[in-house]
Amino acid sequence: MSNPAALTHLPAWQALTAHFSAMQHTHLRDLFAADPRRGERLNAEGAGLYLDYSKHRVTDETLGLLLNLARETGVEAKRDAMLAGEKINVTEGRAVLHTALRAPRGAAVMVDGRNVVPDVHEVLARMATFADSVRAGQWLGFTGKPIRNIVNIGIGGSDLGPVMAYEALKHYAQRNLTLRFVSNVDGTDLAEKVRDLNPEETLVIVSSKTFTTQETMANAGSARAWLLAALGDEAAVARHFVAVSTNADAVGKFGIDTANMFGFWDWVGGRYSMDSAIGLSLMLAIGPDGFRELLAGFHEMDEHFRTAPLEANLPVLMGVLGVWYNNFFGSETVAILPYDQYLSHFSAYLQQLDMESNGKHVTLGGSVTDYQTGPVIWGQPGTNGQHAFYQLIHQGTKLIPCDFIGFARTLNPMPVPGGLTHHDLLMANVFAQTEALAFGKTLDAVLAEGIDPALAPHRVFDGNRPTSTLLADQLTPRILGALIALYEHKVFVQGAIWDINPFDQWGVELGKVLAGKIVPELGSEGEPQLAHDSSTNALIRWYREKRA
Ligand SMILES: O=P(O)(O)OC[C@H]1O[C@](O)(CO)[C@@H](O)[C@@H]1O
């Protein structure tokens with residue numbers, strides 16, 4: 001598809017364009033009135049997740065056309081190529097096999113003629129042995145004390161996944177271990193995270209696929225200095241530092257014994273790596289069995305994605321519904337609204353997963369797209385968001401499709417008066433919000449309440465705001481794995497439809513290169529050496545004068 005107009009010229013796209021003209025003003029109130037069982041019909045289940053997509057501005061015809069678009073853009077063939085280890089990351093010449101990270105022992109996934117599944121399980125076994133010894137207090141620090149604190153140093157995919165999953169699964173974590181995550185090159189991050197930790201009882205995991213990332217290398221160097229300031233002997237590094245990386249040379253040069261390095265492979269993208277050795281901090285927290293459960297949940301969703309018919313395929317449905325709003329209604333953002341405090345970092349995690357994957361405007365064939373691609377992803381856990389930004393979702397001028405995520409059972413049951421629980425209150429809000437967003441409140445209904453007609457327009461809710469509701473029994477490692485894999489594959493489906501490569505990230509390079517050039521200029525005295533623009537020169541000059 002090197003012709004930039006190829007996607008928008010496909011029969012399914014053209015049919016959707018015509019269909020959109022007919023559908024754009026159709027109200028969810030009318031769709032539900034015409035089909036009272038719509039809410040029982042438009043749902044799908046997979047890997048322990050229940051998706052209600054009835055509150056979307058679609059008819060059966062819309063869904064048929066959207067699935068035709070998935071077929072015409074080759075989503076199924078592209079999925080199968082990914083799962084088979086083909087080098088679909090064409091701009092980097094790499095296979096894309098995060099699914100192999102959760103393949104069961106005994107499966108075969110070939111990369112360049114080698115079955116990588118045994119390699120995956122060999123690393124998992126080493127991680128488990130290490131995690132067991134730390135958790136049992138058998139891995140001793142340099143002065144003979146057991147490890148009580150784990151500090152993961154990494155950024156982007158080497159941080160967001162582990163921190164999100166640690167927060168999500170804190171309930172299952174070993175309580176006598178303290179976990180901290182340092183990512184920002186701002187020294188405040190490291191300073192505050194280690195301030196109350198005893199270096200003698202602290203293990204630092206340096207997590208970096210490349211082991212060259214400026215932020216991580218700076219933080220790792222400073223963490224080593226912090227450790228040595230207390231322990232005074234280079235030999236302490238081997239007991240207190242381990243690495244997760246694909247770059248053994250750089251790990252060795254940093255001074256970490258490569259016997260204490262846990263590897264992964266170039267076919268694992270950074271933002272798809274939390275279930276590789278990058279999840280070591282999580283495994284330390286929840287234990288090898290919990291981590292295996294997480295992998296089983298990922299795998300269950302992988303299997304659902306691979307085998308379920310498109311009509312009942314959760315990632316496909318969520319993917320095509322996203323395309324409907326993004327490319328036809330012109331929605332620019334998607335809100336992720338988990339109703340579970342443990343998922344407080346979930347939307348931040350999905351920001352990288354989705355925006356670093358599909359924030360592209362050049363097709364696989366090298367042409368500039370003439371259509372929109374990846375949306376802005378944002379969100380906060382409910383109910384807090386309701387008291388912050390939901391006003392705009394309900395009554396603002398922007399159409400913001402939302403994903404609501406909730407659970408049948410909480411991990412922290414807590415009664416409230418009236419025989420109910422905090423969790424009942426929480427879930428009542430999920431159902432109330434999606435109902436209010438879909439159906440709103442008409443002017444007639446407002447006036448019928450006796451509201452002053454002059455004020456009534458302010459009280460009207462147009463409704464017709466689309467939502468998905470994702471429900472599961474309880475937040476377990478297995479369900480978390482399925483949930484993450486669902487979004488991984490949703491991103492894949494959309495990238496496949498948009499004909500872009502979700503697996504590179506050239507867009508982060510330019511800033512990195514320029515920062516690398518400016519760093520030495522901040523250390524030198526005279527005028528900025530390089531020919532920046534006048535704004536950048538003035539900013540550098542201002543900073544050098546003021547910081548003195
Ligand atoms: O694991 P590394 O190599 O330190 O990279 C960290 C992050 O930097 C990026 O390359 C760019 O932000 C991400 O894709 C990656 O997750």
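All values below were derived from every heavy atom in this structure, side-chain atoms included, with hydrogens, water molecules and symmetry-related copies excluded. Both counts, for ligands and for their atoms, begin at 1 and track the order of listing.
With a 6.0 Å cutoff to the six-membered ring centre and a 45° limit on the axis angle, Arg224 does not count as a cation-pi contact of Phe241.
The protein heavy atom nearest to atom 5 (O) of ligand 1 is Thr213 OG1, 3.5 Å. What sits closest to atom 6 (C) of ligand 1 on the protein, heavy atoms only, is Ile155 O, 3.2 Å.
The parts of Thr210 lying near ligand 1 are both backbone and side chain, judged by heavy-atom distances below 4.0 Å.
Each of the atoms 15 (C), 16 (O) of ligand 1 lies under 4.0 Å from some heavy atom of Gly157. Every atom of ligand 1 with a heavy atom of Ser158 under 4.0 Å away is listed here by number and element: 1 (O), 2 (P).
Below 3.5 Å of separation, one finds no N or O of Thr216 facing any N or O of ligand 1. Checked by distance only, ligand 1 and Ser207 stay at 3.5 Å or farther apart across all their nitrogen or oxygen atoms.
Proximity annotation for atom 14 (O) of ligand 1: of Gln214, Lys209, Arg271, Glu356, Glu356 comes nearest, heavy atoms only. Between Met217, Glu215, Lys512, Glu509, it is Lys512 that holds the heavy atom closest to atom 9 (C) of ligand 1.
Between Trp378 and Phe389, the ring-plane angle classifies as perpendicular under the 30° and 60° cut-offs.
Enclosure of atom CD in Glu303 by more than 12 non-hydrogen atoms of other residues, nucleotides or ligands within 6.0 angstrom is indicated.
The closest side-chain donor-acceptor pair between Asp186 and Thr188 falls under 3.5 angstrom. Side-chain polar atoms of Tyr487 and Asp403 form a donor-acceptor pair below 3.5 angstrom.
When the side-chain hydrogen bond (donor to acceptor under 3.5 Å, both in side chains) test is applied to Lys398, no partner is found at least two apart in sequence or on another chain.
Residue pairs meeting the salt bridge (charged side-chain N to carboxylate O under 4.0 Å, His left out) criterion with at least one member in residues 173-185, sequence neighbours excluded: Arg180-Asp196.
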